Amino acid sequence: MSHLRKIILQLDYHMSSQFAGVAVGLRSGLYKQAGIDLQWLPPCFPGDEAKVVEAGFSKCDSTLWVGSMEQNTLLPAVANGCKVKAVAAMFRRSPLCLAGLPGSELQAFIRNRSCLRVGAHSDTVELLRRLLPNAEVQELARDEKMSALHDGKVDAIQAYDVMETLKLHHDLNGAVPELVHLESPAFPGVTLGYSQVLFAPSAALQQPQHHQTLQDFVRATFLAWGQVIREPKAAAEAVLELQEEGIDHWIHSPSFTEKSVQLCSNYVKETMRCGQLGIIDAERWVQASRWLGAPREETFDDTVWGMDARHVDGHPTAQRLREKTGLLAEEASAKHGRPPKLVIISGGHELGRRHPDGERRLELFASPTASWFSLTGTAAIQGIEVVEVDLPEGAETEDFLRELWSHGDADGIVLAWPLPPDVDADRVCASIPKSKDVDGLHFLSRAETKGRYAPATCGGVMQLLHDHSISVEGMNAVVIGSSRLLGQPLTHLLASQGATVTTLHSRSRDLQAFCEKADLIIAAAGVPRLVKSSWVKNDAVVVNIGTAFTQDMILPDIAPCRELSHARLVVRTVGPISAAMLLHNVAENACTREVKALGATASTRALEKSEILKKLELMPGWAFALNEKGVQVLDSSFWLPCYQGAVDLVQAV
């Protein structure tokens, strides 16, 4: 093993599912293939990981030391003098939460700022005291937390919502523990940043050989995490081979470990940028650093595992939209006394929202809290209710119309495509109330009307260009794809902002020639690698929308990013934006809708007959009448051209 470069890895927790990438890297030989002899250390005293790594490297600088910590514990260590820097992260956000027994009413305690007894590790005590100024935060050892909660010594404990909460669920015989995440509406404005951050001594980063070794280690680690995501059962086996028994934070079993591995994988997938896992987004790092009280320059090195700043995807824009949506949803809920509501109507077993690749795409590439393929769960996180209506196979046009008319309280209605072949799609689309059209089906027919919504993906593309300071005014733009939901609305949006737009499709003649002259290329054809790097002129902007899914890979319409270094900006995928923009539209629409009067209640004053007669003067066709029981009622007659129309009206009312 003399030819291998030695790395000592200081973990901030026991070897377990949250280090599944490391376990798989060891078991599969990925580290050895990268020329690395990896030796991992058991956890030290919480919060001392940076100190251990720096001290170890100082004693023997021929061996590279690497550690893992959360951003919210790493930054205080740096502030206290540890000279280390973050280079990559396994989790984009912190799974830290407060966990209590069923019936503990943690939300109410937090909302009312009541006194709460909380058990926490030493490195998280000060953070919780900051979040819960009226709480009694007790420092507990790792092996004391669970028993302290069960014995009633504390009301809640600091927990990781990928393992300890699963163990609590098991201990409670299936009862659900109460959880409050530290990054949630319960703690407005809290930004803890990344978790399971990989860091190294600053001195090591300055040495080329250690810099290269660290890069090789990080690459192997996230290749292994890719295997974990694809094969969680095999990953659980790798974890169990290294995981200690007798720790009360988990059940040492294949089923428990596989579930925990899958939860960890969801956090890891959120770090993906342009197909690469483990990326730390500088903007998010700075945002969390400011909240935590530490400057970014002292804590983060992006030369080991960073992305070219010109190569981006839709994740940052989608995240900003989700943050805005949560605030809008709160405002709408306060205004209407209910959450914003989106209704999605589809028809047929394999049609509409039942995307044939949706489940696998979600498993491999997306978090269930931020994906089009888990829209109900994604919406719930942001405070929006989603009602999914899947009409049976064989549903007719009239069935769709009746369903559309039955959701008067919806703030948005969306049709999932394609509709069954025998359904009159034009008639159904035209029947969606314009006041509820949050996905732009009516956009082109009323594009000059202010305040209306473009299709979600198109609106998201324009938002992304804005976020990256791209002004399309005066640009020669090419849109490849002429669909009603993508190409045509994009063409209008770009033209309305001053671009000269040419709309093409994958079989257009002289496609290459048009692209070679374009300042902006938007590819929405669904043809893998359609746009070649040689078609893109220097300093052009390239945005990819279309993708093809094959052999567990998503292939964009454009050339690989590494071949487009001459472009000004390359957007590899806008996928995350679609769901984010749609839900933003729903929440915004709910905020702008007028509050409807509730009508008469038990406490409403009865009107005198003279008052009623006066109001009837303003209601042509209505009059007093006696029903079959001799009770005086309001009466009006309606004439409709056919019986079915009358039935539809009654059902709509």
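As the structure is a computational prediction, the values presented were derived from the model and not from experiment.
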Side chains of S367 and N266, donor plus acceptor under 3.5 Å: no
For E388 and T376, which I'm curious about, is there any donor-acceptor pair between the side chains at under 3.5 Å? yes
Which heavy-atom pair separates [X] from [Y] by the least distance, and what is that distance?
X	Y	value
T299	S289	OG1-OG, 4.4 Å
L419	A416	CD2-O, 3.8 Å
A86	I280	CB-CD1, 4.3 Å
G193	Q71	CA-OE1, 3.2 Å
F365	M553	CZ-CA, 4.3 Å

Are any non-hydrogen side-chain atoms of [X] and [Y] less than 4.5 angstrom apart?
X	Y	answer
Q463	M581	yes
F549	R360	yes
C458	L486	yes

Is it possible for you to check whether R284 lies under 6.0 Å from the centre of the six-membered ring of Y194, through NZ or CZ, and within 45° of that ring's axis? yes
Under the salt bridge (charged side-chain N to carboxylate O under 4.0 Å, His left out) definition, can you give me all pairs with a residue in residues 220-235, not counting sequence neighbours? none
With sequence neighbours left out, what residues match V527 under side-chain contact (heavy atoms from CB on, under 4.5 Å)? S506, A525, L530
Mind checking what makes side-chain contact (heavy atoms from CB on, under 4.5 Å) contact with A579, not counting sequence neighbours? W372, L375
Take the angle between the ring planes of F443 and H492 and call it parallel below 30°, perpendicular above 60°, tilted in between. perpendicular
Could you go through the side chain to side chain contact (heavy atoms under 4.5 Å, CB included) check for I413 and D437 one step at a time? CA-CA 6 Å; I413 296 178; D437 179 22; over 6 Å; no
Check each of V428, D439, I344, V343 against L415 using the side-chain contact (heavy atoms from CB on, under 4.5 Å) test, and report the only one that passes. V428
Passing option when I480 is tested against V531, I545, I558, D557 for side-chain contact (heavy atoms from CB on, under 4.5 Å): V531
Pairing of [X] and [Y] as salt bridge, 4.0 angstrom limit:
X	Y	value
E323	R320	no
D281	R273	no
D519	K537	yes
R593	D411	yes

